[in-house]
Amino acid sequence: MRGKYFWVLAAAFFLVHSGILLYNWHAYPKDYGYDAFDHINYAKALKRHWKRPSIEVTKEFYNPPTYYLLVAFLSHELHVSVEKAGREIDYASSMITFAILILFAWFLWKDNLLATFWFLGFYVFSPTVYKVFCMLRTEVLLLPIFALVLLVIAYYSKRGWRVSRGRYILVWAVINGMAVSIRHFGFFIVAFSVLVEFLLALKKKRTMKEWLGFSLMQFVVSISSYFFVQHVIGGTGTAFNLAPKPFHWCFIFCLRLKTLFTRPVRPGLNYCFFPSLYADLWGDYWRYWVQYLGVFNIPTSMKAVVILRRAMWAAIVPTLLFAGGWVTAVRKGFILFKSCPEVDRELSWEFYAAIFFLVSFILYAIMASLYAIPHKGDTVKGIYIVYLVPIMAAFAGSFVEKMGNVRKWIPVLLYIMGICFFYYSFPVCLCLRGIVKG
């Protein structure tokens with residue numbers, strides 16, 4: 001019977017998710033967003049000349065052209081603008097991503113409504129998800145790929161990683177090839193796949209020769225895919241539009257918690273990594289969403305500040321659930337490794353997912369630190385880690401699953417906390433132009 005209720009709950013979240021997407025697609029201009037002019041120009045240049053544009057045309061020239069080629073091709077074939085073609089790809093990608101997450105939830109929690117409730121709710125009420133699916137950006141295609149990796153981790157872990165060797169190698173090769181062909185962040189998946197093989201070798205499920213062979217193959221596939229798409233229509237695969245900056249520890253350790261929870265808008269948290277990321281992931285530090293830049297006068301209206309301030313407080317709950325799930329997974333995994341590294345005991349999917357998140361986040365943090373702009377901090381945007389939201393949601397679901405078994409009253413409390421989070425996060429998920437005024 002619970003399986004039936006699972007689909008009722010999934011359908012409810014799907015309707016909310018689809019409704020927010022449809023509203024935002026109507027309210028948010030197709031030619032707006034982070035560096036929208038440069039992303040759109042990239043696709044337009046490809047449509048005109050089928051040759052990758054230079055830095056004079058767009059500062060996004062360094063990105064692999066796969067996503068922009070898809071936009072340009074769809075625009076050409078359907079005889080629509082690249083902006084409309086990009087929105088169509090947003091629609092398809094959002095539906096594919098949600099379908100993968102439903103499969104993941106069914107695979108793990110079809111009989112646990114509380115875990116499904118928090119897993120899907122965490123994703124559906126994450127504001128950054130809606131920003132990426134309204135903009136013409138490469139992250140649109142990264143989200144379903146990272147969600148697919150999460151599903152692969154769960155599938156293989158449940159089977160003890162005892163699967164057809166050839167099929168296993170092919171799956172990672174396809175995923176890695178696709179990921180790096182879309183954006184540089186795709187290399188996070190390559191690094192993770194190699195690390196997983198190393199962990200399996202430590203557990204005596206692989207030999208070190210197999211690990212070296214797998215690693216070499218995946219690096220060859222990913223590097224070849226990356227340089228192929230970079231050079232197939234001209235250009236270079238090594239140039240970038242910013243030069244690395246000197247690293248300052250204050251960038252990482254700066255918190256400004258009072259500002260974060262009272263006025264979480266630009267420029268209050270400039271050159272602070274974690275506060276800016278939190279404020280943009282759960283709110284709109286850059287004010288592209290609650291208030292369009294250039295449409296409303298600076299300073300930000302108090303109504304907008306109140307909406308974002310409430311979102312910052314409400315987001316503490318899902319953030320703590322994610323953190324609790326991640327810490328629990330890491331702790332349990334390391335205890336297994338330390339106590340019986342050669343014993344054939346299976347590590348949970350949570351442990352591998354925890355490693356996946358850690359590798360991806362650390363590599364992103366390094367990138368953000370090297371290219372952060374003092375007093376601006378453009379590399380610290382929630383949209384740059386939006387592809388990790390499904391993994392964060394999975395840890396929230398995993399943690400509430402464990403908490404729900406401790407005391408009978410805890411599930412009721414977690415449902416109430418979830419509803420409160422949804423209530424305060426919902427306005428930030430919407431593009432509110434014309435509603436929020438100074």
Side-chain angles (χ1 to χ4, degrees), residues 13 16-17 20 24 114 117-131 252-291 296 299-327 361 377 380-386 388-389 391-397 399-400 403 409-432 435-438:
F13 277 117
V16 173
H17 184 50
I20 296 174
N24 289 335
L114 179 62
F117 172 83
W118 263 104
F119 170 64
L120 294 180
F122 190 109
Y123 177 81
V124 168
F125 287 93
S126 293
T128 309
V129 168
Y130 299 99
K131 282 188 256 187
I252 297 294
F253 292 108
C254 170
L255 293 180
R256 295 187 195 165
L257 294 180
K258 182 178 180 181
T259 303
L260 174 61
F261 290 102
T262 57
R263 193 172 179 80
V265 292
R266 188 177 182 178
L269 303 170
N270 279 345
Y271 207 63
C272 293
F273 180 69
F274 285 103
S276 295
L277 193 59
Y278 181 91
D280 198 54
L281 188 67
W282 291 114
D284 186 19
Y285 175 63
W286 305 89
R287 289 171 294 175
Y288 273 76
W289 204 242
V290 174
Q291 292 182 250
F296 293 94
T300 305
S301 71
M302 280 308 300
K303 289 184 179 179
V305 171
V306 170
I307 289 174
L308 294 173
R309 182 191 302 160
R310 289 172 177 170
M312 295 301 98
W313 284 102
I316 291 176
V317 175
T319 302
L320 289 177
L321 292 178
F322 147 68
W326 186 86
V327 170
F361 188 80
V380 188
K381 289 182 180 138
I383 211 163
Y384 286 139
I385 65 162
V386 67
L388 294 180
V389 169
I391 293 96
M392 297 168 69
F395 283 118
F399 194 57
V400 299
M403 291 178 64
W409 55 268
I410 290 181
V412 177
L413 176 63
L414 288 170
Y415 278 121
I416 294 173
M417 293 170 71
I419 292 171
C420 291
F421 161 61
F422 301 159
Y423 178 80
Y424 288 111
S425 182
F426 178 72
V428 191
C429 293
L430 299 172
C431 173
L432 297 176
I435 298 176
V436 179
K437 297 180 179 178

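- When atom types are taken as modelled, the side chain of W286 and the backbone of D280 share no donor-acceptor pair closer than 3.5 angstrom.
- Note that the CZ atom of F395 and the CE atom of M392 stand 10.0 Å from one another [nearest 0.5 Å].
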Derivation of the side-chain contact (heavy atoms from CB on, under 4.5 Å) call for L281 and V386: CA-CA 8 Å; L281 188 67; V386 67; 5.8 Å; no
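- Looking at heavy atoms from C-beta onward, R263 lies out of side-chain contact with M312 at the 4.5 angstrom threshold.
- For the 3.5 Å distance criterion, the side chains of Y285 and N270 qualify, holding a donor opposite an acceptor.
- Under the 3.5 Å distance criterion, the side-chain polar atoms of T128 are left unmatched by any main-chain donor or acceptor of G382.
- Looking at heavy atoms from C-beta onward, L321 lies out of side-chain contact with M417 at the 4.5 angstrom threshold.
- Judged by distance alone, with hydrogens and angles left aside, the side-chain atoms of Y271 form no donor-acceptor pair with the main-chain N or O of C254 at under 3.5 Å.
- In this structure, F122 has its ring center no closer than 6.0 Å to that of F322.
- You'll find the side chain of L255 stays beyond 4.5 Å of the side chain of L260, heavy atoms only.
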Derivation of the side-chain contact (heavy atoms from CB on, under 4.5 Å) call for F274 and L269: CA-CA 9 Å; F274 285 103; L269 303 170; over 6 Å; no
Show which side-chain atoms of residues 422-429 pair as donor or acceptor with protein atoms under 3.5 Å away, not counting sequence neighbours.
| unit_1 | atom_1 | unit_2 | atom_2 | d |
| --- | --- | --- | --- | --- |
| S425 | OG | F125 | O | 2.6 |

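- Side-chain contact between F261 and I316: present, with at least one pair of heavy atoms (C-beta onward) separated by less than 4.5 Å.
- Within the 4.5 Å cutoff, the side chain of V400 has no heavy atoms near those of the F117 side chain.
- Partners of W282 under the side-chain hydrogen bond (donor to acceptor under 3.5 Å, both in side chains) rule, at least two apart in sequence or in another chain, are T319.
- A donor-acceptor pair under 3.5 Å is absent between the side-chain atoms of R256 and the main chain of P275, judged by distance alone.
- Side-chain contact check for I307 versus D284: every heavy-atom pair is 4.5 Å or farther apart.
- Taking all atoms of both residues into account, the shortest heavy-atom contact from P318 to A314 is CD-O, 3.3 Å.
- For the pair Y130 (side chain) and N24 (backbone), a donor-acceptor distance under 3.5 Å is absent.
- Minimum interatomic distance between R309 and T262 (heavy atoms only, all atoms of both residues): NE-O, 3.0 Å.
- One distance of note links CD1 of I391 with OH of Y123; it measures 11.0 Å at 0.5 Å rounding.
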